[in-house]
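Below is one structure, written out as C-alpha cells; the observations come after it.
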Amino acid sequence: METRVAIVSIIVSNMDSTAKINEYLHDAAPYIIGRMGLPYAKRSVSIISVALDAPQDFISALSGRIGKLDGVTSKVVYSDVISPAQ
C-alpha cells in the first residue's frame with residue numbers, strides 16, 4: 001500500500017470538540033509521525049499540526065472527519081514523496 005507524508009492542520013474554536021479530535025487522532029496513532037498543539041488564548045482557539053505517513057485515502061478521511069466537527073477547521077498539505085507499496 002502506498003503512503004504519503006502529509007501535515008494535517010487543525011484550528012479548534014469550540015473546545016467541546018477536543019475529545020472527539022483526540023479520539024480520531026488516537027485511532028490514527030500508527031500513522032502519526034508527530035503532533036504539536038498550541039493553545040492561543042488571545043483568540044480563544046487551539047492550533048494543532050499532525051505529521052502523518054499514511055495512505056492518502058486515510059489522511060483525507062481523517063481530515064474530513066475532523067473538519068466536520070463543530071467549531072473545527074481541518075486542511076491537509078501533502079508532500080510529493082510517495083512510498084512504494086510494501
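Grouping the Ile, Leu, Val, Met, Phe, Trp and Tyr side chains by contacts below 4.5 angstrom, directly or via other members, places Tyr40 apart from Val12. In this structure, Ile10 is a member of the same hydrophobic cluster as Ile32, with clusters built from ILVMFWY side-chain heavy atoms closer than 4.5 Å.
Not one N or O on the side chain of Ser74 forms a donor-acceptor pair closer than 3.5 Å with the backbone of Ile66. Proximity of a side-chain donor or acceptor of Ser17 to a complementary backbone N or O of Leu69 within less than 3.5 Å is not detected. Thr73 places no side-chain N or O within 3.5 Å of a backbone atom of Ile11 that could act as its donor or acceptor partner.
The shortest side-chain heavy-atom distance between Ile21 and Val72 falls under the 4.5 Å cut-off.
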* Can you list the steps and then say if Tyr31 with Ile59 is a side chain to side chain contact (heavy atoms under 4.5 Å, CB included)? -> CA-CA 9 Å; Tyr31 299 114; Ile59 296 168; over 6 Å; no

* Asked: Hey, mind stepping through Ser60 and Val76 against side chain to side chain contact (heavy atoms under 4.5 Å, CB included) and telling me if it holds?
  -> CA-CA 7 Å; Ser60 179; Val76 179; over 6 Å; no

* Please lay out, stage by stage, how Asn22 and Tyr24 fare under the test side chain to side chain contact (heavy atoms under 4.5 Å, CB included). => CA-CA 5 Å; Asn22 284 324; Tyr24 293 156; over 6 Å; no

* To do: Mind running side chain to side chain contact (heavy atoms under 4.5 Å, CB included) on Leu25 and Arg35 for me, showing each step along the way?
  => CA-CA 9 Å; Leu25 294 178; Arg35 171 182 171 177; 3.5 Å; yes

Which donor-acceptor pairs under 3.5 Å do the side chains of residues 41-57 make with protein atoms, sequence neighbours left out?
| residue | atom | partner | partner atom | Å |
| --- | --- | --- | --- | --- |
| Asp53 | OD1 | Thr3 | OG1 | 2.7 |
| Gln56 | OE1 | Arg4 | NH1 | 2.8 |

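Residue pairs satisfying the salt bridge (charged side-chain N to carboxylate O under 4.0 Å, His left out) criterion with at least one member in residues 13-26, sequence neighbours excluded, are listed as follows: Lys20-Glu23.
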